[in-house]
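Below: one structure, written as structure tokens.
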2 protein chains.
Amino acid sequence: MIENKDPIKSDNLTARLIEAIVNGEYPPGSKISEPELARVFDVSRGPLREAMMRVESLNLVERVPHVGARVVTLSLEKLVEIYAVREALEGMAANLACKYITDSEIEVLEALLNRHQSHIEEVDGASYFYQQGDFDFHYLIIQASKNHQLIALLCDQLYHLVRMYRYQSPRSHARPEKALYEHFAILNAIKARDPELAEMLMRRHIKNSRLLIENELLEE
Amino acid sequence: MIENKDPIKSDNLTARLIEAIVNGEYPPGSKISEPELARVFDVSRGPLREAMMRVESLNLVERVPHVGARVVTLSLEKLVEIYAVREALEGMAANLACKYITDSEIEVLEALLNRHQSHIEEVDGASYFYQQGDFDFHYLIIQASKNHQLIALLCDQLYHLVRMYRYQSPRSHARPEKALYEHFAILNAIKARDPELAEMLMRRHIKNSRLLIENELLEE
DNA sequence: AAACCCACAATTGTTGACAATCTAGTTGAT
DNA sequence: ATCAACTAGATTGTCAACAATTGTGGGTTT
């Protein structure tokens, strides 16, 4: 079976552009020059512009006609708004997951959380690892909802912005012990097939993350 | 003050394409030929493809590399998924609206609902008018949330699919009296600044709409 | 008759060039 | 000296032609 790597420049470009923006290679607010990027990515401006249109749809860049595109700047207000949306959507995801999650998916989640627990006990404050693990947990819950619209909205759109913020935030927003405790509570509710409880716990979990970020930023 | 009509073909095209697809000019499942559409809209394939990328991001068309794009087909399953997302997001919108809605916005909503009541009393089953009115009500609540991410997600993305379905559905999914009653209940909760109640009522309202659609389709 | 292969037409992906618009630097006037 | 207008350069928007891939139809083989 040959690995079918997309030879379509426009499609590959989109993913590469997203990565470059999310990890800060093109920092927030910086101008994006079409000729320059076309040179960097070794494509013509045609496919590049097509990719830009998609990236714009993801709200990663903002375009002004005849002027150009800039990487979005993540204000505190915007991030709070995003977390409100996450709260609603991931709450629903946890709710739906109670009905649709499979036994094997539950096993994967349990293994993941156990691994997190070990790591936290070993190295206190393994924050980078934890952030990735936090993403994994939320990802799996969202997937378990089996709602493709929900999955697309969260994983293909919102999470790029969330990742962009975490990558570039000087602070570490991790609170490993408490968050892990909340993750276990959510998983237990899902295992008990209790949609209302699972949704409520997920919403509280995300609200706590939001409050943490708000406080950290307000301290400055 | 001169009306600044966008002379940018690529941008205008996107809106025109969306309208054409939503109102069924290009029916679900039909193939979209780039040369043909370029002729119809009197543009080159360049701007047309840029518009197509955006329309694809809205999930109104599905593209296969080197094959082409087709208008999405709205299955019952997909619609149910969309309504679950609406339930989560519009519930949150009602919740937030309790905090951020202005007095003038409340007045507009009250006037809207009163107008609906009059119309329903006059002509029994003014279903077309009601459907537009239903959109207006939900639109205003969403706007009142003042959450730009939420507004963009619902008004700029999801609602195109909902409108597409309503336009093309042979049946009228209106249940004017009950829906109007629910609208009044939601508005009252918002006026009382009761976020939990407003969210709960909005979610029930949308769930009722979903159940109605499910039943109507299952009858066939 | 059914299945396979091959060439042809049509469509998609990509490119480079051209036109329209914005930005910046310079010149000139008050 | 400050501000406005103009010009030059660069950037964005658009186009038409070229390259690559897919689907189709006919012809051959089993």
Side-chain angles (χ1 to χ4, degrees), chain A residues 1-21 25-73, chain B residues 1-21 25-73:
Chain A
M1 189 70 68
I2 301 169
E3 189 63 27
N4 195 3
K5 63 191 298 284
D6 256 336
I8 290 174
K9 297 186 178 179
S10 169
D11 291 355
N12 271 352
L13 250 185
T14 308
R16 290 210 279 165
L17 254 177
I18 291 172
E19 258 335 276
I21 291 174
E25 204 167 325
Y26 296 94
S30 63
K31 183 159 189 328
I32 292 183
S33 160
E34 291 182 4
E36 183 192 335
L37 244 71
R39 236 187 40 243
V40 171
F41 287 108
D42 194 38
V43 284
S44 178
R45 279 181 52 225
L48 179 90
R49 280 175 61 88
E50 293 180 4
M52 288 284 298
M53 298 296 161
R54 296 200 247 205
V55 176
E56 186 193 8
S57 294
L58 297 175
N59 295 315
L60 288 175
V61 303
E62 284 171 347
R63 287 167 41 84
V64 179
H66 292 286
V67 173
R70 292 186 170 281
V71 179
V72 291
T73 60
Chain B
M1 189 72 68
I2 301 170
E3 189 63 27
N4 195 2
K5 64 191 299 285
D6 257 335
I8 292 175
K9 297 186 178 180
S10 167
D11 292 355
N12 271 351
L13 250 185
T14 308
R16 289 210 279 164
L17 254 177
I18 291 172
E19 261 332 279
I21 290 174
E25 203 167 325
Y26 296 94
S30 63
K31 183 158 188 330
I32 292 184
S33 159
E34 290 182 6
E36 183 191 334
L37 244 70
R39 239 188 37 245
V40 171
F41 287 108
D42 194 38
V43 284
S44 178
R45 279 180 53 222
L48 179 91
R49 280 175 62 88
E50 293 180 4
M52 288 286 297
M53 297 297 160
R54 296 200 247 206
V55 176
E56 186 193 8
S57 293
L58 298 174
N59 295 315
L60 288 175
V61 302
E62 285 170 348
R63 287 168 44 83
V64 179
H66 291 287
V67 173
R70 293 187 169 279
V71 179
V72 292
T73 59

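Within every chain, numbering begins at 1; the chains are lettered A, B, ... in the order of the sequence lines, protein sequences first and strands thereafter.
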Among D:dG13, C:dG13, C:dT14, the nucleotide that comes nearest once only the side chain of B:Arg45 is considered: C:dG13
Nearest-angstrom distance from the residue atom CE of A:Met53 to P of D:dT14: 8 Å
Phosphate OP1/OP2 of D:dT12: any A:Lys31 side-chain N/O under 4.0 Å: yes
Euclidean distance, atom CZ of residue A:Arg39 to atom C1' of C:dG16 [Å, nearest integer]: 17 Å
Interatomic distance, B:His66 NE2 vs C:dT11 C1' [rounded to whole Å]: 11 Å
Distance, rounded to the nearest Å, where B:Leu48 contributes CG and C:dT12 contributes C1': 12 Å
Residue pair B:Ile32 / B:Leu37: nearest heavy atoms and the distance that separates them: CG2-CD2, 3.8 Å
Residue closer to the 5' end of DNA chain C, B:Val67 versus A:Val67 (nearest nucleotide): B:Val67
Touch class at under 4.0 angstrom, heavy-atom based, for A:Gly46 against every strand present: base
Nucleotide nearest A:Ser33 (side chain, heavy atoms from C-beta), chosen from C:dG16, D:dC15, D:dT12: D:dT12
Length of the CZ-P vector between A:Arg63 and D:dT11, whole Å: 15 Å
Given D:dC15, C:dT15, D:dG13, the nucleotide with the shortest approach to the side chain of B:Ser44: D:dC15
Nucleotide nearest A:Glu34 (side chain, heavy atoms from C-beta), chosen from C:dG13, D:dG13, C:dT12: D:dG13
Residues which pass side chain to side chain contact (heavy atoms under 4.5 Å, CB included) with A:Pro35, listed by chain and number, not counting sequence neighbours: A:Ser33
Gap between atoms CG and P, on A:Asp42 and C:dG16 respectively (whole Å): 10 Å
Presence of A:Arg49 side-chain N/O under 4.0 Å of D:dG13 phosphate oxygens OP1/OP2: yes
Candidates D:dG13, D:dC15, C:dT14 - which lies nearest the side chain of A:Glu50: C:dT14
A:Glu34: salt bridge (Lys or Arg N to Asp or Glu O under 4.0 Å) partners, not counting sequence neighbours: A:Arg45, A:Arg49
Test item: B:Arg70 side-chain N/O and B:Gly29 main-chain N/O as donor-acceptor pair under 3.5 Å: yes
Heavy-atom pair of closest approach, residues A:Leu13 and A:Phe41: CD2-CG, 3.6 Å
